[in-house]
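Beneath this line is the structure, given in structure tokens, with notes to follow.
Keep in mind that the numbers below use all heavy atoms, side chains included, and drop hydrogens, waters and symmetry copies. Chain letters run A, B, ... following the sequence lines, proteins first and then strands; every chain starts at 1.
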Amino acid sequence: MQSYIIRRLLYFIPTLILISVISFAIIQAPPGDFVTTLAVQMEARGDQVDEDLINALRARYGLGKPLWQQYLIWIGNILQGDLGVSMAYNQPVSRIIMDRLPWSLLFSFSAFIIVYSIGFPIGFLSAVRQYSILDYVLTFTGFIGLATPNFLLALVLLWVYFEATGQALVGIFSVEYAVASWSFGKFFDLLNHLWIPALIIGTAGTAGLIRIVRANLLDELKKLYVTTARAKGVSEIRLILKYPVRLAINPVISNIGYVLPALISGEVITSIVIGLPTIGPVLLRALQTEDMFLAGSIVLILSVLTLVGTLVSDLLLAVIDPRIRHGV
Amino acid sequence: MNSDSSPNREWLIDIKDLHVTFSQDDKTVNAVNGVDIRVHKGEAVGIVGESGCGKTVTSYSLLNILPLNGRIVSGEVRYRGGNGSIIDITKLNPRSREMRKLRGGEIAMIFQEPMASFSPVHTIKDQIAEGILLHQPPKDKKVREKIIEYLGMVGISNPERAIDAYPFQLSGGMRQRAMIAMALACNPKVLVADEPTTALDVTIQAQVLMLIKEMQQELGLALVLITHDLGIIAHMADFVYVMYLGRVVEKGPVATIFDSPKHPYTRDLIRSIPKLDRPEKRLATIQGNVPDASRLPSGCAFHPRCREIIGEICRQTEPVLEEVEADHFAACFLHSPKREIEPGTGESEIVQQPQ
Ligand SMILES: Nc1ncnc2c1ncn2[C@@H]1O[C@H](COP(=O)(O)OP(=O)(O)O)[C@@H](O)[C@H]1O
Ligand SMILES: [Mg+2]
């Protein structure tokens, strides 16, 4: 167990370095350095270009130095909480991310809960009732969920919501709560605005999970150890929960790490349609406007989160599966 | 001794005209086609036949644990309970409490693959305790002590350690011993062992078989030993059923079967037993392969592979078991008065297999 954890943590570090290098490469990708771009933009707006400020920025980010030194300076700045400056927003990247990321995490987490609390039981039912009408209905619904584009689903649900309540479902608060301070009313308003986007963001993931759970469980149900348990006189429901479900859970847990990036990339379109203050649309816009510090930082943060997700799921696996613990 | 009419030998299990089919890809697989098997108290019954002959399906029917696409079409599987009551297992709901009480508690099973037959993520203790708690919850002794006792009994060294092991931490032979301990721990009356040593090293096979035999005799169990290897049967069984394509083609006391096998299939099986004193000779094999059970040959199912085929009668008429000497039955026209009757006439038609 210990050696497994140590090994797993040791893999974590080089991957982290690799990711930071890739993010740095993204930042460096456009021609010219960003300070020059900034100066050009300021001129174009007719602002006075402050030579002192330009030079200060150049020094701070080590521009003009060899790339590897710039990289180290960039890393050093990040460790002090300085992610650079967004040209499009004319704000520190860290502030934009701090504004947006919590919302993203909130929506992703809600979607995650929806994915697992709907996907797992449905996949389970589908498998233990294989080829029943229930199975066909659930599998068919799952495929529709997988095949429906998020924007379409968002538009349809927005329309349904509007027809049902007479209110437009835009943003994360209704007008009356948008600037109000926190209260129960505001909290429920948030919940009300949360579940529909979370459902939309989670549909594809839910459909995917249904298929994974169904396939794994069907595989496990055929295994001999299930017959052994049956031959001991264990009741069907107890037996299924104790053995095949326990083993079918493994691939589901190892999947957790990959759910997060899928949710965040799936969130972009939904957020644009519904007008959510999340990070997805910002990333899209940053890439379109070559706002590279912003884009690179978002990619870096999302990658690190994913990496942490896979680490957590791997450690969870070791906890529940003795074969991994004992290195079999 | 094994005569059906023998009054001092009560049967425990009586399988009568059992038919089992599977539906698979729009086809019907005729896995078991009218099997009669009787197991008496304390008796060791061997069921032998090549792979695919319906041995495992027969044993699954015994516990009513057929897979979902399988169905007992007709026949009876009767079990005589401790209080003398007779239960027809085929009439029980597979999920009923009554059925589950029989499984493990009265009839216990040992499977072919000790690795695959244990859950890899539960300890030996967890898996053995499950049955004990269901069938024999101990009053005075703790479950753990009881498991250790059984693990020691089946020859596992250091049972105090093995009990907390996961199956993958034991060797193949030890796993199968643990499987045997698991079966015995619920005090069953019948032990069904389906190819218990096929997956093991040759050196371990003999030890495990000996253990099964010892346990059977010590505990007075009835044993149903299923194997494709007649050589194993010779050492282990009192009475033998030879199965081919879901039918019993020959049955008799083990000595009689080996001394004077009547069915050409049995003769072929005996010829293909490896002989230690003649290692230079290439192993005889039975010509051809076991046909697909969804397209059974007409007449005698063995006729396409038979060396001693008589003629048209074998192709068209299904032979039934007939007594060739005391207690010894074979289903073959070589030994039947019916061989003179031409197909299509007389009584031979009534034995045509129902489709
Ligand atoms: N679950 C199943 N679905 C379809 N056919 C099956 C199934 N299980 C067994 N069979 C078929 O039933 C026949 C008998 O199988 P089995 O009892 O396992 O043979 P044996 O144990 O003698 O090797 C074979 O033709 C096999 O293909
Ligand atoms: Mg078999």
Side-chain angles (χ1 to χ4, degrees), chain A residues 1 4 124-136 214 216-254 314-328, chain B residues 23 56 59-60 62-69 93-123 126-136 164-169 178-179 182-183 185-186 188 192 194 199:
Chain A
M1 180 76 174
Y4 172 80
F124 174 85
L125 279 180
S126 249
V128 298
R129 294 272 176 271
Q130 190 191 12
Y131 302 142
S132 67
I133 297 194
L134 182 70
D135 178 27
Y136 288 125
R214 181 176 183 274
N216 285 332
L217 202 53
L218 283 178
D219 258 10
E220 294 298 331
L221 283 169
K222 282 193 212 104
K223 296 270 172 77
L224 252 180
Y225 63 78
V226 177
T227 309
T228 310
R230 208 170 274 142
K232 273 189 280 189
V234 184
S235 74
E236 203 67 9
I237 183 71
R238 235 177 92 178
L239 164 170
I240 290 177
L241 291 177
K242 179 167 176 183
Y243 297 104
V245 166
R246 171 78 189 273
L247 279 122
I249 265 178
N250 281 16
V252 173
I253 288 185
S254 49
D314 280 1
L315 295 182
L316 265 180
L317 271 187
V319 170
I320 68 158
D321 192 334
R323 286 170 299 183
I324 295 173
R325 218 159 48 224
H326 294 279
V328 176
Chain B
S23 41
T56 297
S59 69
Y60 279 16
L62 203 52
L63 287 182
N64 218 338
I65 50 172
L66 290 170
L68 286 177
N69 63 333
N93 179 339
R95 299 194 170 196
S96 65
R97 177 176 294 270
E98 216 180 345
M99 189 63 245
R100 287 193 282 113
K101 256 171 76 177
L102 292 180
R103 291 182 196 142
E106 301 280 325
I107 308 172
M109 208 147 170
I110 303 170
F111 295 92
Q112 174 170 354
E113 299 270 352
M115 185 66 185
S117 305
F118 275 118
S119 155
V121 300
H122 296 84
T123 59
D126 188 353
Q127 301 187 57
I128 297 186
E130 193 170 40
I132 297 180
L133 293 173
L134 274 173
H135 301 292
Q136 299 273 321
D164 293 315
Y166 289 96
F168 56 80
Q169 294 173 310
M179 178 63 71
M182 183 157 87
C186 301
V192 181
D194 187 356

Would you say B:L133 has more than 12 foreign heavy atoms packed within less than 6.0 Å of its CG?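 More than 12 heavy atoms, drawn from other residues, nucleotides or ligands, come within 6.0 Å of this atom.
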
Identify the heavy atoms of A:K232 and B:Q127 that sit nearest to each other, and give their distance.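 Residues A:K232 and B:Q127, closest heavy atoms: NZ-O, 2.7 Å.
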
Return the option, out of B:G131, B:P167, B:P120, with the maximum number of heavy-atom pairs under 4.5 Å with chain A.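 When all of B:G131, B:P167, B:P120 are compared, B:P120 has the most.
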
Go through B:E130, B:M182, B:R95 and name the one with the most non-hydrogen pairs under 4.5 angstrom from chain A.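 Greatest number of close heavy-atom pairs with chain A: B:E130.
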
Candidate pair B:Y60 and A:R230, rule side-chain hydrogen bond (donor to acceptor under 3.5 Å, both in side chains), full reasoning: CA-CA 11 Å; B:Y60 279 16; A:R230 208 170 274 142; over 6 Å; no

Which atoms of [X] are under 4.5 Å from chain A, going by heavy atoms: the side chain, the backbone, both sets, or neither?
{"X": "B:F118", "answer": "backbone"}
{"X": "B:A108", "answer": "neither"}
{"X": "B:M115", "answer": "neither"}
{"X": "B:D126", "answer": "both"}

Considering only heavy atoms, give the residues of residues 245-254 of chain A separated from chain B by less than 4.5 Å, sorted numerically, with 'none' for an empty result.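 The residues closer than 4.5 Å to chain B, in numerical order, are A:R246, A:L247.
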
Using 0.5 Å steps for rounding, measure from the [atom1] atom of [X] to the [atom2] atom of [Y].
{"X": "A:L224", "Y": "B:S119", "atom1": "CG", "atom2": "OG", "value": "12.5 Å"}
{"X": "B:F111", "Y": "A:T228", "atom1": "CZ", "atom2": "OG1", "value": "4.5 Å"}
{"X": "B:Y166", "Y": "A:R323", "atom1": "OH", "atom2": "CZ", "value": "11.0 Å"}
{"X": "B:S117", "Y": "A:Y225", "atom1": "OG", "atom2": "OH", "value": "11.5 Å"}

Between B:L134 and A:V234, is any pair of side-chain heavy atoms under 4.5 Å apart?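 Side-chain contact under 4.5 Å: yes.
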
If the contact rule is any heavy atom under 4.5 Å from chain A, which residues of residues 96-104 of chain B qualify, in numerical order?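 Those residues of residues 96-104 of chain B which have a heavy atom under 4.5 Å from chain A are B:R100, B:R103, B:G104.
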
Can you say whether A:K222 sits under 4.5 Å from chain B via the side chain, the backbone, both, or neither, judging by heavy atoms?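 For A:K222, neither part sits under 4.5 Å from chain B.
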
